[in-house]
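Some notes on the structure that comes next.
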Amino acid sequence: MPQSQDEMSFWDHLEELRWTLFRCISALLVFAIGGFISMRYLFDHVIMAPCSSDFIVYQWMCKIAVSLPFLPDFCDDTFVISIVQVKLATPFFTHMSSSFWLAVVLTFPYLMYEIWKFVRPALYDHEKRSVRWVFFFGTIMFFIGCLVGYLLVFPMTLRFLGTYNLSDAITSQVSLESYMDNFLMMIFIMGIVFEMPLVSWLLSQIGMVNRSFFRKYRRYAIVGLLIAAAFITPSGDPFTLSVVFLPLYGLYELSAFFVKEAPRENEEEEDADDDAAYQTTT
């Protein structure tokens, strides 16, 4: 047992947990207040930016489409998504909830640091070195995932669903609640998905997965990731599908890189089981 665990009683741990929660909640409150104050500017220049054709991602895609004519048309200057308010109290509650989720994203590194500081006394020296890098790597990957969700996944999905028309008699207007639900969901889902290498590493440390697992199920994973990419971006063009699929598949291979190799005897047993299963089927 680490020495610090012997020095701290149960009530000492409880007191430390109380102060950890207090610091985390205080940081969230401070950033939420800052987000509430600046939310009008953020709505106009960040959150609502994908609703118009001058969004920076659409401009990048337009330049790429000039040299690659098989890509979807991102040069349409008339593209616009109309957001409407349906319920009277929706703007206020959206203001509050958006401030909270912005605070969660911005304070994520600090929250990870507080969690690390709380669990650190219970770890051995070699575990401290490993877990410190895990928290750092997990924070970076979370922000990369949120950025991919904002710059790629959500705009692609918005352009398809926002312009999809079932009948000419239907006027397309998107409610503020629907827009924000999809906006937050896409960004946070991608942030969580980008934690796949970290989760795989943790499962590898406790012996639940190894590298042979990723090699064995790679073909199934490709099919599953293609289905997931098609679900996230329901447009039918292969370019949009590949924009989502390639990062997901890259995360799968990165996860396989971070996990441990299987023990030699386990690999031989798995190969023998595979050979026996093959002979049985043939």
Side-chain angles (χ1 to χ4, degrees), residues 1-39 41-43 46-47 92-150 154 180-181 183-209 251 254-255 257-260:
M1 284 290 284
Q3 183 178 359
S4 57
Q5 286 280 33
D6 298 332
E7 296 174 353
M8 296 180 66
S9 65
F10 170 79
W11 296 109
D12 292 331
H13 284 292
L14 194 61
E15 180 69 13
E16 182 63 26
L17 176 61
R18 186 174 71 87
W19 280 106
T20 298
L21 293 176
F22 175 78
R23 289 190 293 269
C24 291
I25 294 174
S26 299
L28 284 172
L29 183 62
V30 169
F31 276 85
I33 293 174
F36 187 88
I37 295 173
S38 59
M39 189 52 62
Y41 175 85
L42 294 175
F43 248 87
V46 179
I47 297 177
F92 175 75
F93 287 112
T94 301
H95 198 157
M96 297 286 290
S97 61
S98 301
S99 302
F100 170 75
W101 288 114
L102 177 65
V104 172
V105 172
L106 294 180
T107 60
F108 189 78
Y110 178 74
L111 298 179
M112 291 295 99
Y113 170 74
E114 286 292 341
I115 295 174
W116 153 249
K117 192 168 66 171
F118 178 74
V119 303
R120 182 176 55 186
L123 303 176
Y124 294 97
D125 290 337
H126 68 281
E127 293 173 331
K128 291 179 182 179
R129 290 190 295 269
S130 300
V131 176
R132 180 169 58 244
W133 284 107
V134 166
F135 281 116
F136 176 78
F137 180 74
T139 301
I140 298 298
M141 293 300 292
F142 176 79
F143 279 118
I144 293 176
C146 290
L147 195 62
V148 170
Y150 175 72
F154 178 72
M180 289 305 300
D181 287 343
F183 180 83
L184 294 173
M185 180 184 67
M186 292 290 180
I187 291 177
F188 277 97
I189 282 180
M190 293 307 297
I192 294 172
V193 167
F194 268 66
E195 299 289 340
M196 185 192 304
L198 171 61
V199 175
S200 300
W201 182 86
L202 292 174
L203 294 176
S204 174
Q205 294 299 307
I206 60 179
M208 293 187 65
V209 297
L251 288 173
L254 187 62
S255 301
F257 175 78
F258 278 107
V259 300
K260 296 178 179 179

Fill in: side-chain contact (heavy atoms from CB on, under 4.5 Å) between F136 and Y113, worked out
CA-CA 9 Å; F136 176 78; Y113 170 74; over 6 Å; no
Discussion item. Other residues, nucleotides and ligands only: do more than 12 of their heavy atoms fall within 6.0 Å of CE on M185?
Written reply: yes
From [atom1] ([X]) to [atom2] ([Y]), nearest 0.5 Å:
| X | Y | atom1 | atom2 | result |
| --- | --- | --- | --- | --- |
| H95 | L42 | NE2 | CG | 9.0 Å |
| Y150 | M186 | OH | CE | 15.0 Å |
| L21 | S26 | CG | OG | 10.5 Å |
| F22 | L29 | CZ | CG | 9.5 Å |
| T139 | F142 | OG1 | CZ | 9.0 Å |
| L147 | I144 | CG | CD1 | 8.0 Å |

Could you report the tightest heavy-atom contact between [X] and [Y], atom names first, then the distance?
| X | Y | value |
| --- | --- | --- |
| G138 | L198 | CA-CD2, 3.9 Å |
| L251 | V193 | CD1-O, 3.7 Å |
| F194 | V148 | CZ-CG2, 3.9 Å |
| G149 | M190 | CA-CG, 3.7 Å |
| S200 | V259 | O-CG1, 3.4 Å |
| L184 | W101 | CD1-CD1, 3.7 Å |

Item to complete: Indicate the ring-plane relationship of F108 and F143, choosing parallel, tilted or perpendicular according to the 30° and 60° boundaries.
Response: perpendicular
Practice prompt. Report yes or no: does S97 contribute a side-chain atom to a donor-acceptor pair with the main-chain N or O of T94 at less than 3.5 Å?
Written response: yes
Item to complete: Would you mind reporting whether M180 and F93 have side-chain heavy atoms less than 4.5 Å apart?
Response: no
Worksheet item: Quick one: are F36 and M39 in side-chain contact, heavy atoms under 4.5 Å?
Response: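 The answer is no; the side chains never approach within 4.5 Å.
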Worksheet item: So, for W201 and F137, is the gap between ring centers shorter than 6.0 Å?
Response: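 Ring-ring flag for W201/F137: false, centres at least 6.0 Å apart.
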